[in-house]
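In this text the structure is predicted, and so the values were computed from the model without any measurement. Just the heavy atoms: all of them, side chains too, but no hydrogens, waters or symmetry mates, feed the values below.
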Amino acid sequence: MLRNVHLYGSLGDRFGTLYRLDVRDAAEAIRALGAQLPGFYAHVREHDWHVIRGPLGDCGRALDLDTLALGLGHETEL
């Protein structure tokens, strides 16, 4: 299923703000972006980041390292 992967802050400034990726979970989205964008992994390692499943704001769910590999189900925003 295609997901809208939004990048904000310094990630969005450097790599662009929206990607449509056919991914199962957030971990796969991160791997896909790392494979396509030179310097992505280094930038993520050097800065703080948050992964939100769903829309930003009160409706989104923050993911941590333990939940990045959980399937996104029918959710289309990451």
Side-chain angles (χ1 to χ4, degrees):
M1 169 185 272
L2 282 176
R3 321 277 181 172
N4 293 321
V5 179
H6 301 272
L7 301 180
Y8 294 97
S10 63
L11 280 174
D13 292 343
R14 183 166 176 183
F15 300 106
T17 59
L18 177 63
Y19 292 87
R20 300 235 336 128
L21 301 173
D22 185 10
V23 294
R24 187 188 82 76
D25 55 44
E28 187 176 13
I30 293 167
R31 285 190 301 272
L33 291 170
Q36 295 179 55
L37 304 171
F40 181 81
Y41 285 133
H43 194 82
V44 168
R45 279 192 298 270
E46 295 168 3
H47 295 85
D48 291 332
W49 52 270
H50 302 277
V51 177
I52 307 294
R53 173 187 175 177
L56 279 180
D58 296 335
C59 298
R61 178 174 178 231
L63 303 178
D64 59 22
L65 286 175
D66 295 330
T67 58
L68 287 178
L70 291 178
L72 295 172
H74 295 290
E75 186 59 63
T76 60
E77 303 294 319
L78 185 63

- Message: Do Trp49 and Leu37 land in one hydrophobic cluster if side-chain heavy atoms of ILVMFWY residues count as linked below 4.5 Å?
- Response: yes
- After noting the C-alpha distance and the side-chain angles of Arg3 and Leu21, does the key distance pass the side-chain contact (heavy atoms from CB on, under 4.5 Å) rule? CA-CA 5 Å; Arg3 321 277 181 172; Leu21 301 173; 5.6 Å; no
- Sidechain-backbone polar pair: Arg61 side chain, Gly54 backbone, donor-acceptor under 3.5 Å: no
- Task: List the steps, then state whether side-chain contact (heavy atoms from CB on, under 4.5 Å) holds for Tyr19 with Leu33.
- Result: CA-CA 9 Å; Tyr19 292 87; Leu33 291 170; 3.7 Å; yes
- Under 3.5 Å: donor-acceptor pair, side chain of Arg53, backbone of Leu63: no
- Message: Between His47 (side chain only) and His43 (backbone N and O only), is there a donor and an acceptor less than 3.5 Å apart?
- Response: yes
- Non-hydrogen atoms of Val5 and Ala29 that approach each other most closely: CG2-CB, 4.2 Å
- Between Leu70 and Leu68, is there a shared hydrophobic cluster once you connect ILVMFWY residues whose side-chain heavy atoms come closer than 4.5 Å? no
- Is Asp22 reaching over with its side chain to a backbone N or O of Met1, donor-acceptor style, under 3.5 angstrom? yes
- Query: With hydrophobic residues grouped by side-chain heavy-atom distances under 4.5 Å, do Leu65 and Leu72 end up in a single group?
  - Reply: yes
- Message: Is a donor from one side chain sitting under 3.5 angstrom from an acceptor on the other, for Asp64 and Thr67?
- Response: yes
- Task: May I ask whether Tyr41 and Phe15 are part of the same hydrophobic cluster, defined by side-chain heavy atoms of I, L, V, M, F, W, Y residues being less than 4.5 angstrom apart, directly or through others?
- Result: yes
- Query: Do other residues, nucleotides or ligands put more than 12 heavy atoms under 6.0 Å from the CG atom of Asp48?
  - Reply: no
- Name the one of Leu7, Ile52, Val51 that satisfies side-chain contact (heavy atoms from CB on, under 4.5 Å) with Leu78? Val51
- Query: So, Arg20 side chain and Leu2 main chain: donor-acceptor pair closer than 3.5 Å or not?
  - Reply: no
